Amino acid sequence: MSYDLRHRMHVYEQLFGSVERVAELIMQTNWEEGSAPREYWMNIHDHLYVIANTFNLCVVFLARSQSTTVLPLVSNMDGPSGTIFIGLIEELQHFIQIDILLSLVDGCPLPPLHVQ
């Protein structure tokens, strides 16, 4: 994900408001050694866009307190290549991929689009 942040710096700078904030996100996405300390944890408001853009996915975030849908800001002409569902276990502050647990009916509603 840090590659996409660097490669599309101008997109993320407009989205997050400053080069410094994008640099923080690049640092956060560079952890590769075991359990990450808190400063490397995913921030749902920022990282959902990075996930959507990096992997060309529609990202659906589900939690009791807030649910949202994020579309890639930069995509190929065919649109998103799929959808990933990410859930938050709020008591544990832990994210999980839940699309393998879900069986959605065609046409079911998704959470509203995230506006940032």
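Since the model is a prediction, treat every value here as computed from it, not as a measurement. What's counted below: heavy atoms across the whole structure, side chains too, no hydrogens, waters or symmetry copies.
Considering only heavy atoms from C-beta on, N53 comes within 4.5 Å of Y12 through its side chain. Annotation: side chain of V60 is not in contact with side chain of I84 (no heavy-atom distance under 4.5 Å). For the pair L71 and L113, the minimum side-chain heavy-atom distance is below 4.5 Å. Counting only heavy atoms from C-beta outward, the side chains of M9 and D4 never approach each other to under 4.5 Å. Taking the side chain as every heavy atom from C-beta outward, C58 and V70 never approach each other to under 4.5 Å. Within the 4.5 Å cutoff, side-chain heavy atoms of L48 are placed close to those of T68.
Applying the salt bridge (Lys or Arg N to Asp or Glu O under 4.0 Å) test to E13 and every residue at least two apart in sequence or in another chain returns nothing. For S35, the side-chain hydrogen bond (donor to acceptor under 3.5 Å, both in side chains) test picks out no residue, with sequence neighbours left out. The side-chain contact (heavy atoms from CB on, under 4.5 Å) test applied to P37 returns W31, E39, Y40, not counting sequence neighbours.
The distance from the OG1 atom of T54 to the NE2 atom of H47 is 10.0 Å, given to the nearest 0.5 Å. Taking OG from S67 and CG from L110, the interatomic distance works out to 10.5 Å, rounded to the nearest 0.5 Å. R6 contributes atom CZ, which lies 7.0 Å from atom OG1 of T29 (distance to the nearest 0.5 angstrom).
V22 and L5 get closest at one heavy-atom pair: CG1-O, 4.1 Å.
Formation of a donor-acceptor pair under 3.5 Å by the N56 side chain with backbone atoms of A52 is not found in this model.
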